[in-house]
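Heavy atoms only: backbone and side chains are in, while hydrogens, waters and symmetry mates are out. Not measured: the values here are computed from a predicted model. Proteins come first, then strands; the chains are lettered A, B, ... in the order of their sequence lines, and each starts at number 1.
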2 protein chains.
Amino acid sequence: MQHLTRDEIRQSLIECGLKATHQRIVVLEAVTELHGSHPTAEDIFQRLRPANPTISLGTVYKTLDTFTETGMLRRVVSEQGSKRYDSNTMTHSHIYCSKTKEIVDFEDEELEQLLLKFFSERKLENFEIKGFSVQLTGCKVEPDKKISITRVPK
Amino acid sequence: MQHLTRDEIRQSLIECGLKATHQRIVVLEAVTELHGSHPTAEDIFQRLRPANPTISLGTVYKTLDTFTETGMLRRVVSEQGSKRYDSNTMTHSHIYCSKTKEIVDFEDEELEQLLLKFFSERKLENFEIKGFSVQLTGCKVEPDKKISITRVPK
DNA sequence: CTTACTGCAAACAGTTTGCAGACGT
DNA sequence: ACGTCTGCAAACTGTTTGCAGTAAG
């Protein structure tokens with residue numbers, strides 16, 4: 001999903017039935033480049049402004065909405081309720097740090113399998129599951145350092 | 001947590017070091033009565049207004065904030081980013097219906113154990129887990145009927 | 001050439017803030 | 001009586017909308 005050329009981006013826009021406008025190309029490029037940081041519309045807008053001085057915040061909002069509708073991006077709401085965007089549209093979980101307000105992706109095949117198995121053994125009547133995700137809340141010990149996940153052998 | 005008398009509510013407010021004002025009593029009463037519906041500040045305000053015509057929306061917001069800080073309530077953000085309140089402060093998961101915007105509680109001892117075990121086998125470096133919760137997204141088949149969870153025998 | 005998309009500015013929803021007065025302890 | 005809490009209104013943040021002009025296919 002990363003390091004797409006502009007032509008590849010143009011291509012995927014067309015595949016989704018969207019016109020490949022300059023604004024859409026640079027917005028999508030920015031979100032994939034910022035992969036892992038879950039930017040807000042404002043973040044994207046600020047990042048694009050220097051190189052695209054005429055782009056408007058409203059367009060960034062509309063564009064991100066459109067991308068979410070077509071499934072190119074996933075919307076994640078922060079603990080504070082602001083909307084953030086994730087170029088990782090695969091099933092994955094999120095770690096929320098209440099100290100730094102960061103949202104860190106947490107992909108784990110085993111966890112996914114565990115939950116898939118669990119939910120296949122329940123019957124949710126009158127509800128069609130589209131997706132699931134685990135939300136881990138807590139806070140960083142050292143706010144400046146990264147969070148890393150290692151496996152402990154049983 | 002349900003059907004607390006006003007005196008019991010008064011009591012738990014005092015235990016949290018808060019003054020037992022009329023506004024706090026009725027707000028806490030309303031949230032516990034609306035248990036399961038995850039009301040917004042506005043919902044609470046509208047519910048209280050008839051019987052408490054002088055209560056203000058600002059007070060409801062402040063009161064709910066205070067309750068969240070003391071741990072009497074839990075804040076949940078909806079898929080749209082609005083803040084909702086949950087009188088169930090135990091570990092539990094949420095089912096989000098994108099059709100009706102409902103948030104349904106999903107308590108399951110087995111799921112909790114499964115996740116506890118899973119996370120005890122991982123080491124999250126530089127992160128202190130405060131809690132976790134599974135988010136199920138999807139939509140109701142029959143919007144007017146309830147969602148029910150049954151267990152399928154293996 | 002046509003229709004979808006953009007920029008702009010205004011509107012909007014939800015939430016927070018500051019302060020004078022009211023109330024619980 | 002003291003300090004905390006409330007009501008009110010204004011301010012603020014993040015997001016959405018309507019419309020005239022622009023650009024993509």
Would you check if the side chain of [X] reaches a backbone N or O of [Y] as a donor-acceptor pair within less than 3.5 Å?
X	Y	answer
Ser98(B)	Cys139(B)	no
Arg24(A)	Thr63(A)	no
Asn126(B)	Lys140(A)	no
Thr59(A)	Ile55(A)	no

Closest-nucleotide ordering on DNA chain D, the 5'-leading residue of His22(B) and Lys19(B): Lys19(B)
Take the protein atom [atom1] of [X] and the nucleotide atom [atom2] of [N], then report the distance between them rounded to whole Å.
X	N	atom1	atom2	answer
Leu57(A)	dG7(C)	CG	C1'	11 Å
Lys83(A)	dA13(C)	NZ	P	13 Å
Arg75(B)	dT15(C)	CZ	C1'	10 Å
Arg84(B)	dG14(C)	CZ	C1'	13 Å
Gln46(B)	dA13(C)	CD	P	14 Å
Gln23(A)	dA4(C)	CD	C1'	12 Å
Ile14(A)	dA4(C)	CD1	C1'	14 Å
Ile55(B)	dA22(C)	CD1	C1'	15 Å

Qualifying residues under ring pair (Phe, Tyr, Trp, His ring centres under 6.0 Å), relative to His92(A), sequence neighbours excluded: His94(A)
Sugar-phosphate, base or nothing in reach of Thr54(A), heavy atoms under 4.0 Å: sugar-phosphate
Upstream residue (5' side of DNA chain C) when Ser56(A) and Ser82(B) are each assigned their closest nucleotide: Ser56(A)
Closest-nucleotide ordering on DNA chain C, the 5'-leading residue of Ala41(B) and Gly58(A): Gly58(A)
Sub-4.0 Å heavy-atom contacts from residues 59-70 of chain A onto DNA chain D, ordered by number: Tyr61(A), Lys62(A), Asp65(A)
Salt bridge (charged side-chain N to carboxylate O under 4.0 Å, His left out) against Asp108(A), all qualifying residues, sequence neighbours excluded: Arg122(B)
Any residue meeting salt bridge (charged side-chain N to carboxylate O under 4.0 Å, His left out) with Lys62(A), in chain and number order, not counting sequence neighbours: none
Where chain A begins and ends its contact with DNA chain D, read 5' to 3' at 4.0 Å from heavy atoms: dG14(D) to dG25(D)
ring-ring contact (aromatic ring centres under 6.0 Å, His included) contacts touching residues 45-74 of chain A (sequence neighbours left out): none
Salt bridge Arg75(A)-Asp65(A), side-chain N to carboxylate O under 4.0 Å: yes
